[in-house]
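This report concerns only the one structure given below.
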Amino acid sequence: MMDYPFQDIEKKWQKIWQERKIAKAKDFSDKPKYYVLSMFPYPSGVLHIGHASNYSIGDAITRLKMMEGYNVMQPMGYDSFGMPAENYAITHNSHPRITTEANIANMRKQFDGMGFFLDWDREVSTCRPDYYHWGQYIFKKMYEKGLVYRKKSYQNWCEQCNTVLANEQVEEGSCWRCGSEVIQKELEQWYFRITDYAEELLDFSKVIEWPERVITMQKNWIGKSEGATINFALEHSEHKIPIFTTRPDTIYGVTFMALPPEHPLVQQWLKEESGNSKLADFCKKVINEDKMLRSSAETVKEGVFTGRYCINPLNGDQVQIWVTNYVLMDYGTGAVMAVPAHDQRDFDFAKKYGIPMKIVIQNRDRSLKIDEMQEAYVEPGLMQNSAKFDDLDSETAKSEIISWIEKQGWGKRSITYRLRDWGISRQRYWGNPIPMIHCPNCGIVPVPDEDLPVFLPENVQVGKTTSNPLLSVPEWLNVKCPVCGGEAQRETDTMDTFVDSSWYFARYTDAHNLDQPFDPAKADYWLPVDQYIGGIEHACMHLLYARFFYKFMRDLGWIKGDEPFARLLTQGMVLKDGAKMSKSKGNTVDPQYIVDRFGADTLRVYLLFASPPEKDVEWNDEALMGAFRFLNRVYRLIEGNLDAIKKGLQFEAEVEKLSPALKELLYSSHHCTRKWREDCLTRMQYNTAIAAVMEHLNHVTAIKDTSALSNDELAVYAEACGIIPQLLYPFAPHIAEELWQMMGFEQLLHESGLPSYEEKYLVQESITYVIQVNGKIRGKLEVAPDTDHETLQSEALKVENVQRFLEGLEIKKVIVVPNKMVSIAAKANK
RNA sequence: GCGAAAGUGGCGGAAUUGGCAGACGCGCUGGACUUAGGAUCCAGUAGGUUCACUCCUGUAGGGGUUCGAGUCCCCUCUUUCGCACCA
């Protein structure tokens, strides 16, 4: 049998949709707006199966919302700056702009071949000056508001290549290109003060529907801790060392202080004591260790005593200062007051180096003895050895000790976040230049607005230089200082590509604005994004950065509202042979091949049917054929019964005149529509919506001979067939339009309205009750819908098999679950 | 290591609020048909047991709550994602 002519159909409808500009979203409309957005792709050159899957979901939502009567915008663009393009250029001796633009052109063709309703008039590509111009502008606004600063931090560095390496470019501690050892080098970097927004970023009350797990992950990522910052005076010095602790109740038990080797004081001591090779060697070693391993509980704790002491302000104790591998500079103040008796890591360390311990929190029966402790006591308890706080409950003491410390001026109550400020500097070429100028006289000066954008120079030979390529373009690098007019140099760092992707969704609302990032009125109309779709891997970084930018733009008055993404759908990956598809593994599937061979509709239906959107799907060639066969069956059904359908559409059915089979078909049409609406509109579970349509199709095709049907029956038959294109439209739009037109409807499906069902056709003539005895099914009962509980109970007890299992038992309880079951609990009668 | 999830037939999955486990599809088995097609149509398909009805077992493993648990609670195992310069 011939396959349905999917190629002709898909080409035909893609042309019609384009000509009628259906995907073009209108700014300001009488209809309510709906903004559907899938995370934009990195333009690798070809659409892969993951893209097809992701965008099929977005397109299904887009079409559903159009049927529902919304003014829908579904834009698309490219996250086109970044390392892969630069690396490709290095190895293939080309230029990132050339390869990137070629890739974009190719992907555009593939997008169109899938038949997505994308508003290409709003296309954004982050590597184009009309976009990155406004990224620089936003950077400047942040700088003006004091949210940008510079700070030294350690970066992966290859001495051989004289360059910073991304984490991905470090392979087991070595440079991926030359293989030499990667070290940590301190460099001056640009930072965004995202921690200023930490508290607000913890608040998710303004989003409408986000997966709970993403919210939890972000909250944990931000990691709020309440405690105190307390200053310990350095002995024989004016210097104070601030520490942060969440356990001020243990402060009388401090027996040493732990500093990370990166701590500024340690670095200062290293300079002062150039002869202390033991400390220097230790610091060098630890700084180059993997931070993940350092923070692991199982890593062997190591340290070096500095020979210095500080003073515990509360009791005047002299406290040894150690440099250790298990404390990180990134959290709190870096310095940790170590209480070995009540912190496991401090305990391990103190045991190893023979540092004294002191119990300051006793358990309830006061049985803790320092010589017998095998592990730290970390639970709350009663205060001990803590001067005037003795015998207090430790939880109460926490707050009282902080108040005492504040009163004495030794420190203050404080909150620390695990979240760190966002380092945005990249020493790379293919990114958005940071619009700053270094002037020997005036210091660091922003590029004036009228000189924006700072164009990324094109005549750069990537790969010819090892350090930042921008240093090798003197005509770009050397500028006049905008303040004093003297000789100055541009900043050569470019921005993290996450900066580009933190506001692109706002640019889509006004993609071609030459005077500002976007017109606030248009942004106000379209934002927030009603439905955002993307991978779970972005839970903590991209999604957090975008929320931060949104709140910042709100504070500038550019936009209203607090959250960029009202609803979030985190979709799963398409796997093959249990692993993520990748070129290196050789387990890729080319969506273009599938489209050419079986059509975009088949691919879309397969991807949406394979699993609910948020789960991973295992690619399966044979299951793909199942989707293809399904569409063929639909096509054959409608094409083969066209006359009967067209005739039936002219009649209204009288239910009483229907045969039992047609009554069932009527029920199926309405039942299926109800299920479909619930799955599509409420649950966003398209796999079961498609399953419902398949089930309905099975019911329709069960009727073989339409010539025997009466006019009433033909009406039911025609309706049953007629709803199929509508139900299929969000998933397989081309074939749906074709069949819809074939049946004689003139409007296109996006304006056909949502299919609806009538409750009156869903009333069941009888209900089957399941009868359980002690939790096991022992019988069934067919009754009228409104049978009362007493009748149900007595009828249930009459069922033969039920009686068999009740023999010799005494009935303790009978539970009736309306419309579902009768459950009998019985016990042996002694 | 830390944080977050997931685990159901041969496979993808369904079971929406604690109420008939396995919808729908793939695969497989048997049959029909034939223009021999990546066809189509019909029947069957969790495992065990039985001629059959029935019954027993079964949702990673172990324990618990309940008349009733894939679903709730505790423990264990495995897999996946993220961990701040991949995007």
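Chain identifiers are assigned alphabetically (A, B, ...) following the order of the sequence lines, protein sequences preceding nucleic acid strands; residue numbering begins at 1 within each chain. Bear in mind that the values here come from a model prediction, so they are computed numbers and not experimental data.
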Distance, rounded to the nearest Å, where [X] contributes [atom1] and [N] contributes [atom2]:
{"X": "His538(A)", "N": "rG3(B)", "atom1": "NE2", "atom2": "P", "result": "23 Å"}
{"X": "Arg597(A)", "N": "rG37(B)", "atom1": "CZ", "atom2": "C1'", "result": "12 Å"}
{"X": "Lys827(A)", "N": "rC67(B)", "atom1": "NZ", "atom2": "P", "result": "10 Å"}
{"X": "Gln344(A)", "N": "rG1(B)", "atom1": "CD", "atom2": "C1'", "result": "14 Å"}
{"X": "Ile815(A)", "N": "rG68(B)", "atom1": "CD1", "atom2": "C1'", "result": "7 Å"}
{"X": "Asn632(A)", "N": "rC41(B)", "atom1": "CG", "atom2": "C1'", "result": "15 Å"}
{"X": "Leu544(A)", "N": "rG82(B)", "atom1": "CG", "atom2": "P", "result": "16 Å"}
{"X": "Ile724(A)", "N": "rC24(B)", "atom1": "CD1", "atom2": "C1'", "result": "15 Å"}

Legend entry - Cation over ring face, Arg547(A) and Phe204(A), 6.0 Å, 45°: yes
Legend entry - Presence of salt bridge, Glu491(A) and Arg150(A), under 4.0 angstrom: yes
Inset, instruction - Summarise how protein sits on nucleotides 52-59 of chain B as a single string, 5' to 3': B when a protein heavy atom is under 4.0 Å from the base, S for sugar-phosphate-only contact, - for no contact. - result: --SSSS--
Under the rule for ring-ring contact (aromatic ring centres under 6.0 Å, His included), what residues qualify as partners of [X], not counting sequence neighbours?
{"X": "Phe805(A)", "value": "none"}
{"X": "Tyr667(A)", "value": "His671(A)"}
{"X": "Tyr42(A)", "value": "none"}

Please list every donor-acceptor pair under 3.5 Å in which a side-chain atom of residues 817-826 of chain A meets a protein atom from a residue at least two apart or in another chain.
none

For [X], all residues meeting side-chain contact (heavy atoms from CB on, under 4.5 Å), sequence neighbours excluded:
{"X": "Tyr191(A)", "value": "Tyr149(A), Lys151(A), Ser153(A), Gln189(A), Asp421(A)"}
{"X": "Ala702(A)", "value": "none"}
{"X": "Glu800(A)", "value": "none"}
{"X": "Lys185(A)", "value": "Trp157(A), Leu187(A)"}

Inset, instruction - Look at the side chain of Lys820(A) and the base of rC20(B), then say whether one donor and one acceptor between them are separated by less than 3.5 Å. - result: no
What's the gap between [N] and [M] when it is taken at their [atom1] atoms, as a whole Å value?
{"N": "rG64(B)", "M": "rU71(B)", "atom1": "C1'", "value": "15 Å"}
{"N": "rU80(B)", "M": "rC75(B)", "atom1": "P", "value": "23 Å"}
{"N": "rG18(B)", "M": "rA69(B)", "atom1": "P", "value": "14 Å"}
{"N": "rU8(B)", "M": "rU79(B)", "atom1": "P", "value": "14 Å"}

Just checking [X]: base, sugar-phosphate only, or nothing, at a heavy-atom cut-off of under 4.0 Å?
{"X": "Glu212(A)", "value": "nothing"}
{"X": "Leu419(A)", "value": "base"}
{"X": "Met821(A)", "value": "base"}
{"X": "Ala623(A)", "value": "sugar-phosphate"}
{"X": "Glu622(A)", "value": "sugar-phosphate"}
{"X": "Trp221(A)", "value": "base"}

Legend entry - Distance flag, aromatic centroids of His699(A) and His696(A), threshold under 6.0 Å: no
Legend entry - Phe349(A)-Tyr326(A) aromatic ring centre distance below 6.0 Å: yes
Inset, instruction - Go ahead and write out RNA chain B as dot-bracket, 5' to 3': ( ) for pairs within the strand, [ ] for ones crossing earlier pairs, | when the partner sits on another strand, dots for unpaired; Watson-Crick or G-U wobble, both distances under 3.5 Å. - result: (((((((..(((......[....)))((((((.......))))))(((......)))..(((((..]....))))))))))))....
Looking at [X], I'd like to know whether one of its side-chain N or O atoms comes within less than 4.0 Å of OP1 or OP2 on [N].
{"X": "Arg629(A)", "N": "rG27(B)", "result": "yes"}
{"X": "Asn774(A)", "N": "rC67(B)", "result": "no"}
{"X": "Asn698(A)", "N": "rG25(B)", "result": "yes"}

Sort me out a list of protein N/O and nucleotides 12-16 of chain B N/O pairs below 3.5 Å, or just none if empty.
{"residue": "rG12(B)", "atom": "O2'", "partner": "Ala610(A)", "partner atom": "O", "Å": "2.6"}
{"residue": "rG13(B)", "atom": "OP1", "partner": "Asp616(A)", "partner atom": "O", "Å": "3.2"}
{"residue": "rG13(B)", "atom": "O3'", "partner": "Asn687(A)", "partner atom": "ND2", "Å": "3.3"}
{"residue": "rA14(B)", "atom": "OP1", "partner": "Asn687(A)", "partner atom": "ND2", "Å": "3.0"}
{"residue": "rA15(B)", "atom": "OP1", "partner": "Arg683(A)", "partner atom": "NH1", "Å": "3.2"}
{"residue": "rA15(B)", "atom": "OP1", "partner": "Arg683(A)", "partner atom": "NH2", "Å": "2.6"}
{"residue": "rA15(B)", "atom": "OP1", "partner": "Gln685(A)", "partner atom": "NE2", "Å": "3.3"}
{"residue": "rU16(B)", "atom": "O4'", "partner": "Arg683(A)", "partner atom": "NH1", "Å": "3.0"}
{"residue": "rU16(B)", "atom": "O2", "partner": "Glu678(A)", "partner atom": "OE2", "Å": "2.6"}
{"residue": "rU16(B)", "atom": "N3", "partner": "Glu678(A)", "partner atom": "OE2", "Å": "3.0"}
{"residue": "rU16(B)", "atom": "O4", "partner": "Lys675(A)", "partner atom": "NZ", "Å": "2.9"}

Show me the donor-acceptor pairs within less than 3.5 Å that the side chains of residues 628-635 of chain A make with the rest of the protein, sequence neighbours left out.
{"residue": "Asn632(A)", "atom": "OD1", "partner": "Tyr4(A)", "partner atom": "N", "Å": "2.7"}
{"residue": "Asn632(A)", "atom": "ND2", "partner": "Phe628(A)", "partner atom": "O", "Å": "3.1"}
{"residue": "Arg633(A)", "atom": "NH1", "partner": "Asn698(A)", "partner atom": "OD1", "Å": "3.0"}
{"residue": "Arg633(A)", "atom": "NH2", "partner": "Asn698(A)", "partner atom": "OD1", "Å": "3.0"}
{"residue": "Arg633(A)", "atom": "NH2", "partner": "Thr701(A)", "partner atom": "OG1", "Å": "3.3"}

